[in-house]
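See below for the structure under consideration.
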Amino acid sequence: MLKETPSQTAGPYVHIGCIPQYSGIDGIYPNDPGCALPADAQGTLIRLGGKIFDGNHDVVKDALVELWQRDGDGDKGIWLRQPTDLSNGFYQFDTVMPAAVLGAPHICLWIVARGINLGLHTRVYFPDEPKNEHDPVLTSAGKRRDTLISTRPDPEEDESDIGFPVYRFDIRLQGERETVFLNV
Amino acid sequence: MKQRSLKQRDYDWHPQALSPDYKSSILRSPTQPLLRVDGLASELDGPAFSPDVIGPLDHNLIQNYAAALGSNGEAIGPRIIVHGRVVDENNRAVPDTLVEVWQANAGGRYRHINEGYIAPLDENFGGCGRCMTDENGCYRFLTVQPGAYPFPNGPNTWRPAHIHFSVFGTAFAQRLITQMYFEGDPLIQHCAILNAIADPKAVQALIGRLDMETSVPMDCLAYRFDIVLRGEGSTPFENRMEGN
Ligand SMILES: [Fe+3]
């Protein structure tokens, strides 16, 4: 039996290898892997975004976030990859509402950054979703389940005006309201 | 959708999330235990990539940056092959999986907006590359030996020379980012990031070995770095796609 190769932090320059165009390295690859929703993804467009906070409530501006989910029909997998913006720390995915497969509709996220020694798995669920009641992960999260449920912005404050629903999902690496991370 | 189980991850083998000597980990490490997810889970499936996305120079960090700018210039530094095999814990090859790398140039300088080290940029070096493993799980890069570099962690802290690796496998739960170090580098024992790993055997697993057999006479040396992803567990689940 072999042992898994130990993880090491992605460091502050993960963009060079994973999203080179975002770091200003143009032309080696035709585009940054995972930067766009596959054309054949079925379902209702949504925008998912938020910020990552450290234990000091400071915004983490050098992380990389990867997404894995089912499309709206449930038969196609979608993988996307985005940075937390180097200047404002906001990450954002334009994707589709996932079908309810293996529990309530959810999106898997994986977060790596400087200072994170082993990539962190978490999940995004959706507010006002009746299936949340019986989802095994939400149930076992107990009192901390709300850290896994995204929110809709107050319509008064929502200036995005993009014509499809926006969901906000902030991630707290440490401390008060620390996000539930998964051993999966 | 192929569903299976994976062996439980050995969190004691990996670097500890909170490693106070590595300052960046202090405020970025979760304090609550990870929530165990049992049974079928979305993370046991994952993305697949087509070899068609890989360009002919993507694995060649000596030439790929200059070529993208329309020149045939080459990066400065000791020319090396870095190669190895991606397998799982059951020693089964992981074929057709995407391997991405990034690194500093031969002087220890990254091409990145947040980089402030005084070592110069190399006009012919971008520092990123990728390839897919072949049917035996083998991968291969051509690059220059990266330099060591200082980082703001303590009064005089340096990273040993290293190459960052990102590997996918076939399940999101296998996703791995790590770093390869170089056999014989005296900075390895002084590295706060490596010292976050408790077991010396685990540190050894991250050291690429000089591989004279693969080196090319009068051209380049070679280093071998094998990568092990989480393996299948003994109890595959029934394939149930629908419902709760
Ligand atoms: Fe580095």
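A note on names: the letters A, B, ... follow the listed sequences, proteins ahead of strands, and every chain is numbered from 1.
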Name the region of B:E100, side chain, backbone, both or neither, that has any atom closer than 4.5 Å to a heavy atom of chain A. side chain
Part of B:Q8 lying under 4.5 Å from any heavy atom of chain A: side chain
Is it the case that over 12 heavy atoms from other parts of the model lie below 6.0 angstrom from the CD atom of B:Q204? yes
Assert top hit (heavy-atom pairs under 4.5 Å, partner chain B, pool A:D62, A:D26, A:I78) equals A:D62
Among A:M1, A:H106, A:K3, A:Q69, single out the residue with the greatest number of heavy-atom pairs under 4.5 Å to chain B. A:K3
At a 4.5 Å cut-off on heavy atoms, which part of A:L109 comes close to chain B: side chain, backbone, both, or neither? backbone
A:V14 side chain near B:H164 side chain, heavy-atom distance below 4.5 Å: no
Turns out that what part of A:V112 lies under 4.5 Å from chain B's heavy atoms comes down to side chain
Comparing B:S19, B:A196, B:A205, B:G129 against chain A, the one with the most heavy-atom pairs below 4.5 Å turns out to be B:G129
Name the region of A:L67, side chain, backbone, both or neither, that has any atom closer than 4.5 Å to a heavy atom of chain B. backbone
Please flag which part of A:P136 lies under 4.5 Å from any non-hydrogen atom of chain B: side chain, backbone, both or neither. neither
Select, from B:G46, B:G55, B:G231, the one with the greatest count of heavy-atom pairs under 4.5 Å involving chain A. B:G46
Can you tell me if B:L121 has over 12 outside heavy atoms packed within less than 6.0 Å of its CG? yes
Separation of A:I16 CD1 from B:I113 CD1 (nearest 0.5 Å): 11.5 Å
A side-chain contact here means heavy atoms from C-beta on lying under 4.5 Å apart; do A:Y29 and B:V53 qualify? no
When you compare the side chain of A:T9 with that of B:Y22, does any pair of heavy atoms fall below 4.5 Å? yes
Are any non-hydrogen side-chain atoms of B:H112 and A:P12 less than 4.5 angstrom apart? no
If you count heavy-atom pairs within less than 4.5 Å of chain A, which of B:A67, B:A173, B:P15, B:G126 leads? B:P15
Does the side chain of A:S23 reach to within under 4.5 Å of the side chain of B:R111, using non-hydrogen atoms? no
From A:N183 CG over to B:E43 CD, what is the distance, rounded to the nearest 0.5 angstrom? 10.5 Å
All side chain to side chain donor-acceptor pair (under 3.5 Å) counterparts of A:E66, not counting sequence neighbours: A:W79, A:R81, B:R175
Test item: A:R114 and B:F151 side chains (from C-beta on) under 4.5 Å apart, heavy atoms: no
Residues 28-37 of chain B vs chain A, non-hydrogen distance cutoff under 4.5 Å, contacting residues -> B:R28, B:S29, B:P30, B:T31, B:Q32, B:P33, B:L34, B:L35, B:R36, B:V37
What residue in B:I26, B:L194, B:L176 has the most heavy-atom pairs under 4.5 Å with chain A? B:L176
Between the main-chain N or O of B:A171 and the side-chain N or O of A:W68, is there a donor-acceptor pair closer than 3.5 Å? no
Identify the residues of residues 138-147 of chain A whose heavy atoms come closer than 4.5 Å to a heavy atom of chain B, ordered by number, or report 'none'. A:S140, A:A141, A:R144
Taking all non-hydrogen atoms of both residues, which atom of A:P20 and which atom of B:C128 are closest, and how far apart? CB-SG, 3.9 Å
If you count heavy-atom pairs under 4.5 Å with chain A, which of B:V167, B:D199, B:I193 comes out on top? B:I193
B:N72 atom CG: more than 12 heavy-atom contacts under 6.0 Å: no
Would you mind writing out the side-chain donor-acceptor pairs for residues 49-60 of chain A within the sub-3.5 Å range, not counting sequence neighbours?
unit_1	atom_1	unit_2	atom_2	d
A:D54	OD1	A:N56	N	2.8
A:D54	OD1	A:H57	N	3.2
A:D54	OD1	A:D58	N	2.9
A:N56	ND2	A:D58	OD2	3.4

Is there a side-chain contact between B:D58 and A:I28 (heavy atoms, below 4.5 Å)? yes
Does a side-chain N-to-carboxylate-O contact under 4.0 Å join A:E4 and B:K7? no
Can you tell me how the ring of A:Y13 sits relative to the ring of B:Y110, calling it parallel under 30°, perpendicular over 60° and tilted otherwise? tilted
What part of A:L118 lies closer than 4.5 angstrom to a heavy atom of chain B: side chain, backbone, both or neither? side chain
With side-chain contact (heavy atoms from CB on, under 4.5 Å) as the test, would you mind laying out the steps for B:F172 and A:V184 before giving the verdict? CA-CA 9 Å; B:F172 204 49; A:V184 66; over 6 Å; no
A:D128 atom CG: more than 12 heavy-atom contacts under 6.0 Å: no
Bottom line for B:N114: the part with an atom under 4.5 Å from chain A's heavy atoms is both
Output the distance between atom CG (B:D226) and atom CG (A:L2), rounded to the nearest 0.5 Å. 9.5 Å
Need one label for B:L206: side chain, backbone, both or neither, based on atoms under 4.5 Å from any heavy atom in chain A. side chain
Which answer fits B:F165, side chain, backbone, both or neither, if we ask what part of it has an atom under 4.5 Å from a heavy atom of chain A? neither
Gap between atom CH2 of B:W102 and atom CD1 of A:I19 - 0.5 Å precision: 10.5 Å
Do B:S42 and A:R70 make a side-chain contact, defined as non-hydrogen atoms from C-beta onward lying under 4.5 Å apart? no
How many angstroms lie between atom OG1 of A:T5 and atom NE2 of B:H14, to the nearest 0.5 angstrom? 8.5 Å
Best-contacting candidate, B:R9, B:R159, B:K23, against chain A by heavy atom pairs under 4.5 angstrom: B:R9
